[in-house]
Amino acid sequence: MGITCCVKNAVSGLTHGEISAHLAEVYGAEVSKTTISTITDAVMEGMSEWQNRPLDRVYPVMFIDCINVKIRDGQVANRPIYMALAVTAEGHRDILGLWAGDGGEGAKHWLRVLTELKNRGLEDVLMLVCDGLKGLPDAVGEVWPKTVVQTCVVHLLRASFRYAARQDWDKISRALKPVYSAPTEDAATSRFLEFTEVWGDKYPAIVRLWENAWAEFVPFLQFDAEIRRIVCTTNAIESVNARIRRAVRARGHFPSEAAALKCIYLAVMSLDPTGKGRKRWTSRWKRALQAFDIAFDGRLSAAHN
């Protein structure tokens with residue numbers, strides 16, 4: 001059992017020779033290439049089944065984010081791996097799939113990804129939270145016309161700091177808080193104008209950043225605190241990404257896109273082995289799910305009738 005688990009963990013990008021050498025060093029065991037190939041093939045089959053499994057008809061919220069991995073394709077370069085994480089109507093976390101990109105993604109790419117999810121049975125998403133991915137809002141409108149697209153506020157703040165001197169970060173953070181915590185969109189607009197008056201001359205790039213993101217920033221302001229607390233950030237997906245990054249760093253770089261996807265798939269499958277995280281997650285979502293159903297006119301509960 002130990003050797004089998006070791007091979008499953010090792011198939012994430014290693015050659016058969018590297019796996020054999022690793023098993024000989026750790027266990028003093030010689031494992032044939034046939035055995036290694038059998039286990040590797042089983043992992044690939046499992047990943048394919050997982051990536052194509054049927055989905056729920058509706059999810060209250062979906063988060064889309066990416067991590068960059070190093071892939072050797074002639075030369076080693078960063079490539080994005082995208083992940084869609086959704087919350088079920090029962091408050092459970094469900095990772096819907098993984099997709100490799102080349103950095104040039106636009107509406108056509110996202111239309112293909114979202115159509116794949118729709119073809120797997122996903123008929124409706126109430127809110128989709130992302131980090132300003134190019135072309136994604138347009139694709140969402142084509143696949144799920146009623147879905148609200150929300151920009152992650154935390155990512156928007158981080159992007160703002162990239163344009164500012166380090167000594168101004170705290171001041172800018174305090175100045176922007178009244179914008180994203182405003183009770184209404186009109187109030188947020190007023191607070192943003194105040195921010196512009198103070199900081200616009202020194203940091204016009206920050207002003208442009210928020211102006212360009214405004215249409216996808218303001219949707220969550222129409223909802224109550226329970227929904228705002230959850231959808232204004234992709235923190236829900238960050239903990240998953242942290243686990244994946246640890247697995248990716250341990251490998252360094254990958255010989256192919258498929259090897260990178262295998263590594264990330266195995267990391268996803270090893271999440272929360274005791275189930276304690278699932279219980280905490282579900283507990284946090286109970287009140288928010290009620291707010292979602294009311295705010296979205298019963299679309300969530302209707303899918304289960």
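Values below: every heavy atom of this structure, side chains too, minus hydrogens, waters and symmetry copies.
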If I take atom [atom1] from residue [X] and atom [atom2] from residue [Y], how far apart are they, to the nearest 0.5 angstrom?
X	Y	atom1	atom2	value
Glu216	Leu156	CD	CG	10.5 Å
Glu116	Leu111	CD	CG	12.0 Å
Met83	Ile95	CE	CD1	5.0 Å
Leu55	Arg57	CG	CZ	13.0 Å
Leu289	Phe292	CG	CZ	7.5 Å
Leu157	Tyr180	CG	OH	5.5 Å

(message) Go through it in stages, so that I can follow the logic: the residues are Leu133 and Ile64, the test is side-chain contact (heavy atoms from CB on, under 4.5 Å), and I'd like the CA-CA distance, side-chain angles, deciding distance and then a yes or no.
(response) CA-CA 9 Å; Leu133 296 171; Ile64 293 184; 3.6 Å; yes

Can you check whether [X] reaches [Y] side chain to side chain, under 4.5 Å on heavy atoms?
X	Y	result
Val149	Cys130	yes
Asn78	Lys70	yes
Met62	Met127	no
Leu122	Val125	yes
Arg79	Asp102	yes
Val248	Ile264	yes
Trp99	Gln51	yes
Asp168	Phe161	no

Determine the minimum heavy-atom distance between [X] and [Y], stating which atoms define it.
X	Y	result
Tyr163	Ala205	CD2-CB, 3.5 Å
Pro178	Ala175	CD-O, 3.3 Å
Pro60	Leu126	O-CB, 3.1 Å
Trp210	Ser160	NE1-OG, 2.8 Å
Arg245	Cys66	NH2-O, 4.3 Å
Tyr203	Ala164	CE2-CA, 3.5 Å

(request) For the pair Arg53 and Asp94, find out whether any cationic side-chain nitrogen is under 4.0 Å from an anionic carboxylate oxygen. (result) yes

(message) Taking Glu211 first and then Arg208, would you say they form a salt bridge - that is, a charged N and a carboxylate O separated by under 4.0 Å?
(response) no

Donor + acceptor pair across side chains of [X], [Y] (<3.5 Å):
X	Y	result
Trp285	Glu90	no
Tyr59	Asp124	no
Asp293	Ser301	yes

Measure from the side-chain N and O atoms of [X] to the backbone N and O of [Y], and report whether any donor-acceptor pair falls under 3.5 Å.
X	Y	answer
Thr88	His92	yes
Gln222	Pro219	yes
Asn52	Ser48	yes
Asp201	Pro204	no

Spell out, yes or no, whether [X] and [Y] are grouped together once hydrophobic residues are joined by side-chain heavy atoms under 4.5 Å, including indirect joins.
X	Y	answer
Val240	Trp50	yes
Val198	Phe195	yes
Leu209	Phe220	yes
Ile67	Val76	no

(request) Under the side-chain contact (heavy atoms from CB on, under 4.5 Å) rule, what do Ile81 and Leu261 come out as? Steps first, then yes or no, please. (result) CA-CA 8 Å; Ile81 303 292; Leu261 286 169; 3.9 Å; yes

(request) Check the angle between the aromatic planes of Trp214 and Phe217 and answer parallel, tilted or perpendicular using the 30° and 60° thresholds. (result) tilted

(message) Can you list everything that forms a ring pair (Phe, Tyr, Trp, His ring centres under 6.0 Å) with Tyr82? Sequence neighbours excluded, please.
(response) His109, Trp110

(message) Would Trp144 and Glu123 count as a side-chain contact (heavy atoms from CB on, under 4.5 Å) here? Give the steps.
(response) CA-CA 7 Å; Trp144 301 302; Glu123 298 175 3; 5.7 Å; no

(request) With Arg228 as the cation and Phe223 as the aromatic partner, state whether NZ or CZ is under 6.0 Å from the six-membered ring centre and within 45° of the axis. (result) no

(request) Tell me, with the steps shown, if Met47 and Met269 meet side-chain contact (heavy atoms from CB on, under 4.5 Å). (result) CA-CA 10 Å; Met47 183 170 69; Met269 292 298 100; over 6 Å; no

(request) Going by the side chain to side chain contact (heavy atoms under 4.5 Å, CB included) test, name the single residue among Val113, Leu117, Leu85 that passes it with Leu96. (result) Leu117

